[in-house]
**Q** 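First the structure, then my questions, so here it is.
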Amino acid sequence: MWSGDHMSFFPPEPDPIEPDAPVEPRRPWLNPPVDEIPALHPTSALLAVTSHVAIALIGVHIFSDGVQLRVERRLRRGDLSAREWQEMSATFTEHCPTGAAGRRLRYGVELAGGERLLDDSPFTSGSNPWNPPSGSSLIRGGGGGSGDPQTYSFSDELWLWPLPPAGPLRIVLRWPAMGIAETSAELDAASFAAAAQWVVPLWDRAR
């Protein structure tokens with residue numbers, strides 16, 4: 001047994017090293033602000049459906065400088081065998097190499113002015129995601145998934161920056177690996193700018 005009179009087994013803790021690198025500024029084209037409570041726009045639309053897969057827009061979160069399109073994907077087993085279900089689940093969760101053959105899930109949007117964006121901008125070839133894009137950008141993030149032996153669900157979050165112009169906003173998707181050809185749905189973005197006035201800042205930015 002150690003006695004309190006003995007020297008401690010552990011050496012003294014070193015003084016913490018203060019980082020000297022400046023704090024990186026937020027790059028708004030990459031993700032929504034974390035210091036805002038968005039305004040909720042009550043919008044929903046069925047984007048695609050097959051005998052096993054359903055994809056739907058379940059809402060729009062409007063921030064001061066962009067909108068987040070929230071998409072829900074659902075997969076059901078139905079009459080699939082255990083092997084077929086395993087293979088389809090791997091594709092649905094995007095753990096399947098078929099994406100390399102151009103069969104992966106893709107999202108895109110078309111703005112009222114005609115600008116078209118893919119869900120990997122500004123990460124397209126020849127661009128630097130750390131620099132502001134020349135136009136708008138669309139980035140896909142994931143909100144997580146869950147499943148059981150008969151169903152599986154997953155959430156996608158599409159960050160569209162900046163706020164889109166008033167007028168029609170077309171959401172486009174395709175997923176050849178799941179038997180979904182190119183399809184689209186149209187929203188009216190005319191009210192998005194007005195709704196942004198209801199965004200609640202978490203902290204006073206002046207401080």
**Q** Minimum heavy-atom separation for Gly135 to Trp161, with atom names?
**A**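 Where Gly135 meets Trp161 most closely, the heavy atoms are O-CZ3, 3.8 Å.
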**Q** Kindly say whether Ser136 contributes a backbone atom to a donor-acceptor pair with the side chain of Glu115 at under 3.5 angstrom?
**A**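 Yes: the side chain of Glu115 pairs with the backbone of Ser136.
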**Q** I need the minimum non-hydrogen distance between Arg73 and Glu94, along with the two atoms involved.
**A**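 Shortest heavy-atom separation between Arg73 and Glu94 comes out as NH2-OE1, 3.2 Å.
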**Q** Would you please test Asn31 and Ile139 for side chain to side chain contact (heavy atoms under 4.5 Å, CB included) and show each step?
**A** CA-CA 8 Å; Asn31 44 51; Ile139 291 184; over 6 Å; no
**Q** Would you please test Trp85 and Tyr152 for ring pair (Phe, Tyr, Trp, His ring centres under 6.0 Å) and show each step?
**A** CA-CA 11 Å; Trp85 174 244; Tyr152 202 95; 8.0 Å; no
**Q** Compute whether any side-chain donor of one residue and acceptor of the other, for Ser89 and Gln86, lie under 3.5 angstrom apart.
**A** no
**Q** For Thr50 and His52, test the side chains for any donor-to-acceptor distance below 3.5 angstrom and give the result as yes or no.
**A**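 There is no such pair between these side chains.
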**Q** Would you call Glu157 and Arg70 a salt bridge, taking side-chain N to carboxylate O under 4.0 Å as the test?
**A** yes
**Q** Calculate, to the nearest 0.5 Å, the distance between atoms CE and CE belonging to Met88 and Met178 respectively.
**A** 4.5 Å
**Q** If you measure from the Lys or Arg side-chain nitrogens to the Asp or Glu carboxylate oxygens, is any gap between Arg26 and Asp65 under 4.0 Å?
**A** yes
**Q** Under a 4.0 Å threshold between the charged nitrogen and the carboxylate oxygen, would Arg140 count as salt-bridged to Asp120?
**A**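 Salt bridge flag = no for Arg140 with Asp120.
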**Q** Is there side-chain contact between Trp159 and Ser137, with heavy atoms separated by less than 4.5 Å?
**A** no
